[in-house]
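Counting starts at 1 for both ligands and their atoms, in listed order. The figures that follow rest on heavy atoms only: side chains count, while hydrogens, waters and symmetry mates do not.
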Amino acid sequence: MTVRIGVLALQGDFREHISMLQSLGVTTAEVRTAEELEGVDALVIPGGESTTIGKLADRYGLIEPLRKRIAGGMPTLGTCAGMIFLASATVNHDQHQLGVLDAVVQRNAFGRQVDSFEADLNVDGVPGDPIHAVFIRAPWIEKVGADVEVLATVDGHPVFVRQDNILATSFHPELTDDTRVHAMIVDMTPIEEQI
Ligand code: GLN
């Protein structure tokens, strides 16, 4: 008996998430259709380009099914563009977003001269060493709703948040050897939902 974790595979680095989840011993599935979404217990939305992910999700009729499953409690992890797609709004930009995470995000927030950087993050609720986080043209969270718990910040800006069944990171946990963020989503998947 194992948890079946889907990775939204429309665009972006979904393969890296699949490898990381497989290293944790769970069953994985690439999700591109509403039917494939029905077959998973939890979902990871990868980094990539959030406007492209949104457009493709719209074209494949996935927006409403995703909203329904995530609002219905399916454990979901969004990383980087995945975080943007989960959020309710984007500063100065109109794009397809699920609006299930009560947060306003700023895209490419760390500025052009620092497109990419790495930082050691102390994350609330994650014991042991800090998480070594890789940021690539990363968003930060500009504003969070009352139900959103901020787990880590960079320069005072939230970069890792949790709202009930939803985890969202500005960084790319799938690009390091540290499996702790993915382990959180596996641990959040209730045993009775496992198939
Ligand atoms: N800059 C991208 C966006 O705004 C996100 C980058 C990433 O996912 N690494 O969609």
Side-chain angles (χ1 to χ4, degrees), residues 5-21 28 30-32 42-60 62-63 66-67 70 75-121 123 131-144 148 150-155 157-163 166-182 184-185:
I5 305 218
V7 181
L8 190 66
L10 301 174
Q11 191 265 342
D13 71 335
F14 54 89
R15 291 179 191 86
E16 286 78 358
H17 282 285
I18 291 202
S19 313
M20 182 143 262
L21 291 164
T28 58
E30 293 182 7
V31 171
R32 293 188 186 80
L43 185 72
V44 175
I45 305 180
E49 219 287 317
S50 58
T51 44
T52 307
I53 293 173
K55 274 183 201 156
L56 291 172
D58 182 48
R59 189 174 306 162
Y60 293 166
L62 274 168
I63 301 267
L66 282 167
R67 279 188 183 133
I70 300 170
T76 303
L77 164 67
T79 66
C80 204
M83 166 196 265
I84 299 168
F85 187 45
L86 287 169
S88 35
T90 302
V91 177
N92 295 331
H93 204 265
D94 223 5
Q95 61 188 77
H96 291 289
Q97 283 174 288
L98 297 175
V100 287
L101 173 66
D102 189 6
V104 178
V105 294
Q106 169 86 58
R107 293 176 65 192
N108 305 320
F110 292 94
R112 290 186 186 284
Q113 63 278 48
V114 279
D115 262 0
S116 302
F117 66 98
E118 301 186 12
D120 288 320
L121 296 182
V123 179
I131 289 188
H132 188 70
V134 178
F135 293 83
I136 304 168
R137 298 176 61 74
W140 72 42
I141 293 186
E142 195 74 30
K143 213 169 97 190
V144 288
V148 178
V150 176
L151 304 180
T153 58
V154 170
D155 298 337
H157 303 287
V159 293
F160 190 175
V161 296
R162 177 171 182 169
Q163 179 187 324
I166 301 171
L167 288 176
T169 69
S170 297
F171 56 91
H172 287 268
E174 74 286 6
L175 299 182
T176 65
D177 295 335
D178 192 336
T179 55
R180 285 177 292 171
V181 174
H182 290 79
M184 284 169 84
I185 201 78

Has [X] got more than 12 heavy atoms of other residues, nucleotides or ligands less than 6.0 Å from its [atom1]?
| X | atom1 | result |
| --- | --- | --- |
| Arg59 | CZ | no |
| Asp120 | CG | yes |
| Arg180 | CZ | yes |

Do me a favour and list the nearest non-hydrogen protein atom to [atom] with residue, atom name and distance?
| atom | value |
| --- | --- |
| atom 1 (N) of ligand 1 | Asn108 OD1, 2.7 Å |
| atom 9 (N) of ligand 1 | His172 NE2, 2.8 Å |
| atom 7 (C) of ligand 1 | Cys80 SG, 2.8 Å |
| atom 4 (O) of ligand 1 | Arg107 NE, 2.6 Å |

Under a 3.5 Å threshold, yes or no: a donor from one side chain and an acceptor from the other, between His17 and Thr79?
yes

Check: Glu118/His132 side-chain N/O donor and acceptor closer than 3.5 Å:
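Side chains of Glu118 and His132: pair found under 3.5 Å.
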
Heavy-atom contacts under 4.0 Å between [X] and ligand 1: side chain, backbone, both, or neither?
| X | result |
| --- | --- |
| Thr51 | neither |
| Ile84 | side chain |
| Arg137 | both |

Taking 4.0 angstrom as the limit and counting only heavy atoms of Gly47, give me the atoms of ligand 1 inside it, by number and element.
8 (O)

What atoms in ligand 1 come closer than 4.0 Å to a heavy atom of Ser50?
3 (C), 4 (O), 10 (O)

Among Met83, Arg107, Gln106, which one satisfies side chain to side chain contact (heavy atoms under 4.5 Å, CB included) with Trp140?
Gln106

Considering the options Leu98, Val31, Leu86, which one meets the side chain to side chain contact (heavy atoms under 4.5 Å, CB included) requirement together with Leu66?
Leu98

When you compare ligand 1 with Gly48, is there at least one nitrogen or oxygen pair between them that comes in under 3.5 angstrom?
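Looking only at distances, the answer is yes, because the N/O contact criterion of under 3.5 Å is met.
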
For ligand 1 and Ile136, I'd like to know whether there is a polar contact (N/O to N/O, distance under 3.5 Å).
yes

For the pair Thr51 and His93, evaluate side-chain hydrogen bond (donor to acceptor under 3.5 Å, both in side chains) and give the outcome as yes or no after the intermediate values.
CA-CA 10 Å; Thr51 44; His93 204 265; over 6 Å; no

